[in-house]
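Right, one structure below, let's go through it.
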Amino acid sequence: MEIREQLESLVGAALTAAVEDGSLAVQEIPDPSLERPRDESNGDWASTVALRLAKQAHKAPRDIAQVIVEHIPANTVIASTEIAGPGFINFRLSDSVLQTVVRTVREEAEGYGRGTVDEGMRKVNLEYVSANPTGPLHVGHGRWAALGDAMARVMRHAGYDVYEEFYINDHGTQMDVFGNSVSVRYMQQLGHDVEMPEQCYGGSYVGDIAAEIIQRDGDKYESMSDQERMEAFREIAYREMLDLQKNILGRMGTTFDRWFSERSLYVPDEAGETAVSRSLAAMADKGYVYEKDGATWFKSSALGDEKDRVLIKANGEMTYFMSDVAYHYDKMQRGFDHLIDLWGADHHGYIKRCECMLEAWGWPGALEVVLGQLVNLYRDGEAVRMSKRTGEMVTLEELVDEVGVDATRYLMLSRSSDQPIDFDIEVAKKKDNSNPVYYVQYAHARICSLLRKAADPTDARAVEAGELSMNELAKKLVPEGADLSCLTHPAELALMRKMDEFAALVAQAARDRAPFRLTHYAQDLAALFHSFYTSCHILSEEEPVRGARLALADATRIVLALSLNLLGVSAPEKM
RNA sequence: GCGCCCAUGGCUCAACGGAUAGAGCAUCAGACUUCUAAUCUGACGGUUGCAGGUUCGAGUCCUGCUGGGCGCGCCA
C-alpha cells in the first residue's frame with residue numbers, strides 16, 4: 001500500500017472513532033483532506049480537515065485537530081504529529097516507512113506510480129496535430145505533437161486507455177487549391193507563362209514538388225487539361241506531404257493509433273450511407289437540423305451557441321464543420337467514453353459549436369477541447385518568423401535538425417499549455433545548466449556511471465558491450481533485500497519523499513492534462529539527487545551503507561527514466 | 001463591439017482555495033588530489049497589473065477596470 005493510502009486510512013480511522021464516541025459532532029465522516037505542505041518544515045503530509053469542519057462542528061479548528069490527533073491509532077507510519085497554525089495537522093513520516101519507497105520503486109520498476117481509472121471514463125480518444133496535408137509541419141505543430149504524445153503517455157500511466165488519432169484534412173477545396181498550386185509551378189518550370197493565383201500556396205516546397213515530378217515523369221502531365229493535372233498533382237503532392245509529416249512526427253517519437261482521413265467520411269457503405277449522412281440523420285432525429293436560404297443548418301443556438309451553423313452550403317458543398325460533425329459522431333460510435341481534441345488557441349471560437357453538436361446527440365460533456373497557446377520562435381532574443389530555406393514559417397524538421405528531439409520536446413513540454421512559449425533556438429541548443437533537459441538527463445547518466453563503477457570488471461564490460469542492461473546490472477549489484485534502515489541522512493530522506501510523491505503527481509498531471517508538471521518534478525528529483533550525490537559518498541562506504549545508497553541511487557534512476565519516458569525524452573546512460 | 005486566454009523577483013516559470021508566495025537563469029561570494037564540476041553550497045532579489053467583493057483563510061473564486069495575445073465566414 002502506498003504511504004499516502006496508509007496515512008489516509010489512519011486519519012480516516014481517527015475521524016470515525018471521534019465521531020462514534022461523540023467527541024466530534026458532525027453528520028458524516030469527512031474526508032481526511034491530506035495534502036503535501038508547500039514548506040517542508042510543516043511536515044511530509046498535512047490534513048486540513050479540522051479547518052474544514054470548524055463551522056459544521058461549532059468548534060475552534062485547533063480543538064478539532066486535537067481531538068483527531070488523540071484518536072489516531074498506534075502505528076509505525078507517523079513519526080510525529082503536530083497541530084500548527086490555524087488548525088493544520090502536520091505529519092512527519094517515520095524513516096522506516098520512507099525507506100520502503102526504495103524497495104517499492106525497484107520492485108515495480110517501470111510500473112511504479114501506475115494508477116487506475118473508473119470504468120466509464122477510461123476509454124479516451126485523443127486527437128491532435130491534425131494538420132492539413134498541404135505543407136510541412138511548422139514549429140507550432142511540434143508543440144501539439146509533443147504535448148499530445150506526452151498527454152497520452154501520462155494518461156496511460158495514470159490508468160486511462162488512450163487511443164491517439166490524427167485527423168487528415170484531405171477533403172475539400174484546400175486540397176484542390178494545393179493541387180492547382182503545384183500545377184502552376186509545374187507549368188512555369190516547363191516554360192509556360194502562367195501566374196500563381198492569389199489564394200494559392202506560395203511556399204517554395206510547392207515548387208520543389210513540381211521539380212520532383214518533372215525529374216521523375218518529365219512533361220507527361222503537360223498536355224492534360226488544367227482540371228486533370230490539378231487532380232493528378234493533388235494526389236501526388238498529398239501523399240508526399242503526408243509522408244513528410246509522418247516522417248517528422250516519427251522522428252519526434254510521436255506515433256498515432258490511427259490516421260483518420262476526412263475523405264473516408266464521404267465514402268458510402270453498402271446501404272449507400274456515409275458517415276456524413278449518418279451523423280446528419282442522427283442530428284435531425286433530435287430536431288436540430290433545418291433548411292434556410294437553400295442551405296442546411298445546425299440549430300446550435302438552441303444549445304447556447306451564439307448563432308446557427310451551416311452544414312451544407314446552398315451550392316450543395318459540405319462545410320468543414322459538416323466533416324467535423326461526421327468525424328465526432330464516428331468517434332462516439334466507436335465506443336469512447338470521452339473525446340479530447342487538442343487545438344491551437346486560434347481555434348477557440350470553434351469550441352462552442354463542437355460541444356453543441358455532441359450535446360445535440362445526447363452526449364453533453366463528452367468532448368473536451370484542450371487549447372494550446374502558440375509558440376514564438378527566437379534566436380538570441382530576436383524574433384524569428386522566416387525560415388532561411390523556404391522563406392516561410394520555420395518547419396518542425398528544421399527546428400529538430402538544429403536543436404535535437406530531446407531539447408525540442410522538453411522545452412515544448414515545460415510550460416502549461418495555456419501559456420505561450422517563447423522558444424529561443426540558441427538557448428535550446430546550449431548544453432549547459434540553462435537548459436533543464438540536460439540537467440535531468442545528466443542526473444540519470446551520473447547514476448548509470450555510478451552503477452558501472454560499482455560493478456565488477458566482467459559486468460562492466462558486459463554493460464559496455466550492450467550485453468547487460470542497466471536494470472539487470474542494478475539487480476545484480478543490489479539485491480532486493482538490502483538493508484535500507486541506514487538511509488537517514490537529510491538528503492536521502494528528501495530523495496525518498498520526492499519519489500513517494502510520484503504516483504500522486506502522475507494522477508494530477510493526467511487529470512489536468514498537464515504533462516508540464518512532470519518536467520518540474522523531474523528537475524526537482526534530479527536536483528535532490530545531485531545534492532545527495534555531493535553530500536553522501538557511496539562507493540567508498542562500507543556495507544550496509546554502500547548497498548543501501550546504491551539501492552537509493554538505483555531507485556532514483558528508475559523514477560528519472562520513467563519521468564523522462566512519460567515526457568517522450570530519452571534517458572541516456574552516458575553523457 | 002462581443003467572446004476566449006493571459007498578467008507573479010531583472011528574465012523564464014511554479015504554487016488540488018491553505019501556513020512565512022517557491023524554483024531555474026542572470027548577478028555576487030564560495031567548493032574539484034575524492035563515485036561525471038553538464039555538479040554542489042550560500043547571498044541578493046516580491047505591495048502576485050489596479051480597485052472592490054465572497055470566507056476561518058485569496059496569487060488562486062466573483063465583479064469592474066488597465067495592459068497584452070487570439071477569435072468572431074454558406075473559409076479550411
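Order of the sequence lines fixes the chain letters, A, B, ..., with proteins taken first and strands second; residue numbering starts at 1 for each chain.
Nucleic acid contact for A:Lys352: none, since no nucleic acid atom lies under 4.0 Å from a heavy atom of the residue. Within the 4.0 angstrom heavy-atom criterion, no nucleotide atom of any strand lies near A:Ser414. Among the protein residues, A:Ala46 comes within range of the nucleic acid bases, having at least one heavy atom under 4.0 Å from a base atom. At a threshold of 4.0 angstrom between heavy atoms, the contacts of A:Cys448 with the nucleic acid are absent. Residue A:Ser531 is classed as a sugar-phosphate contact, given heavy-atom separations below 4.0 Å to backbone atoms only. Residue A:Lys307 is in sugar-phosphate contact alone, with no base atom involved, counting any heavy-atom pair closer than 4.0 Å across all strands shown. Within 4.0 Å of A:Asn90, counting heavy atoms only, lies at least one base atom of the nucleic acid. Looking at heavy-atom distances under 4.0 Å, A:Arg52 makes contact with a base. A:Gln199 comes within contact range of no nucleotide atom at all, as no heavy-atom separation falls under 4.0 Å. Heavy atoms of A:Thr173 sit under 4.0 angstrom from primed sugar atoms or phosphate atoms, though from no base atom. Residue contacts shown for A:Asp293 include a base, since a base heavy atom lies under 4.0 Å away. Using a 4.0 Å heavy-atom distance criterion, A:Tyr350 is classed as a base contact. Within 4.0 Å of A:His444, counting heavy atoms only, lies no atom of the nucleic acid at all. A:Ala443 comes within 4.0 angstrom of no nucleic acid atom, judged by non-hydrogen atoms across all strands.
Applying the ring pair (Phe, Tyr, Trp, His ring centres under 6.0 Å) rule to A:Tyr438 yields no partners; only residues at least two apart in sequence or on another chain are considered. Scored by the side chain to side chain donor-acceptor pair (under 3.5 Å) test, A:Ser570 finds A:Asp406, A:Gln441 as partners (sequence neighbours excluded).
For the P atoms, the distance from B:rG45 to B:rG22 is 14 Å, rounded to whole Å. B:rC74 and B:rU8 are spaced 46 Å apart, taking the C1' atom of each and rounding to whole Å. Taking atom C1' in both B:rC6 and B:rU12, one finds a spacing of 15 Å when rounded to whole Å. Nucleotides B:rA26 and B:rC40, compared at atom P, are 12 Å apart to the nearest Å. When the C1' atom is used for both B:rG68 and B:rC62, the distance is 23 Å, rounded to whole Å. Between B:rU33 and B:rC25, the two C1' atoms lie 32 Å apart (nearest whole Å). The gap from the C1' atom of B:rA7 to that of B:rU60 amounts to 13 Å, rounded to the nearest Å. Comparing the P positions of B:rG59 and B:rG52 gives a spacing of 14 Å, expressed to the nearest Å.
Of the candidate nucleotides B:rA19, B:rC6, B:rA76, B:rC6 has the atom nearest to the side chain of A:Asp418. Nearest to the side chain of A:Ser416, among B:rC56, B:rA14, B:rC75, sits B:rA14. Residue A:Arg415 places its side chain closer to B:rU12 than to any other of B:rA19, B:rC16, B:rU12.
OP1 or OP2 of B:rA15 lies within a sub-4.0 Å distance of a side-chain N or O belonging to A:Arg517. Distances shown here put every side-chain N or O of A:Thr319 at or beyond 4.0 Å from the OP1 or OP2 atom of B:rC75. Residue A:Lys453 has no polar side-chain atom (N or O) positioned under 4.0 Å from OP1 or OP2 of B:rU34. An OP1 or OP2 oxygen of B:rA14 is reached within less than 4.0 angstrom by a side-chain nitrogen or oxygen of A:Gln419. Neither OP1 nor OP2 of B:rC11 sits under 4.0 Å from any side-chain N or O of A:Tyr378.
Consecutive pairing runs in RNA chain B reach the stem threshold at B:1-5 with B:68-72, B:10-13 with B:22-25, B:27-31 with B:39-43, B:49-53 with B:61-65, where a stem means at least three Watson-Crick or G-U wobble pairs with distances under 3.5 Å.
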Between A:Glu165 and A:Trp259, does a side-chain contact (heavy atoms from CB on, under 4.5 Å) hold up when you go through it step by step?
CA-CA 6 Å; A:Glu165 202 152 309; A:Trp259 294 72; over 6 Å; no
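Checking side-chain atoms of A:Asp456 against main-chain N and O of A:Thr458 turns up a donor-acceptor pair under 3.5 Å. At least one donor-acceptor pair under 3.5 Å links the side chain of A:Ser181 to the backbone N or O of A:Tyr201.
Residue side chain A:His348 reaches the base of B:rG3 through a donor-acceptor N/O pair under 3.5 Å, judged by distance alone.
Rounded to the nearest 0.5 Å, atoms CG (A:Leu265) and CE (A:Met322) are 8.5 Å apart.
Atom CZ of A:Arg263 is separated from atom P of B:rA76 by 15 Å (rounded to the nearest Å). Taking atom CE of A:Met322 as the reference point, atom C1' of B:rG73 lies 18 Å away to the nearest angstrom. Atom OH of A:Tyr533 is separated from atom P of B:rA38 by 11 Å (rounded to the nearest Å). Between the CD atom of A:Glu426 and the C1' atom of B:rC25 there is a distance of 17 Å, rounded to whole Å. Between the CE atom of A:Met575 and the P atom of B:rC35 there is a distance of 18 Å, rounded to whole Å. Taking atom CG of residue A:Asp346 and atom P of nucleotide B:rG68, one finds them 21 Å apart after rounding to whole Å. Counting to the nearest Å, the P atom of B:rA7 and the CD atom of A:Gln373 are 10 Å from each other. Atom CZ of A:Arg446 and atom P of B:rA37 are 5 Å apart (whole Å).
Taking the six-membered ring where tryptophan is involved, the planes of A:His520 and A:Phe516 are perpendicular, since the angle between them exceeds 60° and thus also 30°. Ring geometry, A:Tyr350 versus A:Phe321: the interplanar angle exceeds 60°, so the pair is classed perpendicular (tilted spans 30 to 60°).
Aromatic ring centroids of A:Phe166 and A:Tyr128 lie 6.0 Å or more apart. A:Tyr521 has its ring centre less than 6.0 Å from the ring centre of A:Phe502.
Ion pairing between a basic and an acidic side chain is recognised when a charged N comes within 4.0 Å of a carboxylate O; A:Glu231 and A:Arg234 show no such pairing.
Heavy-atom nearest nucleotides on RNA chain B were determined for A:Ile89 and for A:Ile312, and the one closer to the 5' end corresponds to A:Ile89. Each of A:Thr534 and A:Asp524 has a nearest nucleotide on RNA chain B; the 5'-most of these lies closest to A:Asp524.
Ring stacking is absent between A:His530 and B:rC40, as the pair misses the limits of under 5.5 Å between centres and under 30 degrees between planes. Once the 5.5 Å centre distance and the 30° plane angle are applied, the aromatic ring of A:Phe88 is found not to be stacked with the base of B:rG18.
Annotated as anti: B:rC44, whose glycosidic dihedral deviates from 0 by more than 90°.
For the salt bridge (Lys or Arg N to Asp or Glu O under 4.0 Å) test with A:Arg549, the passing option among A:Glu543, A:Glu541, A:Glu542 is A:Glu541; the others fail.
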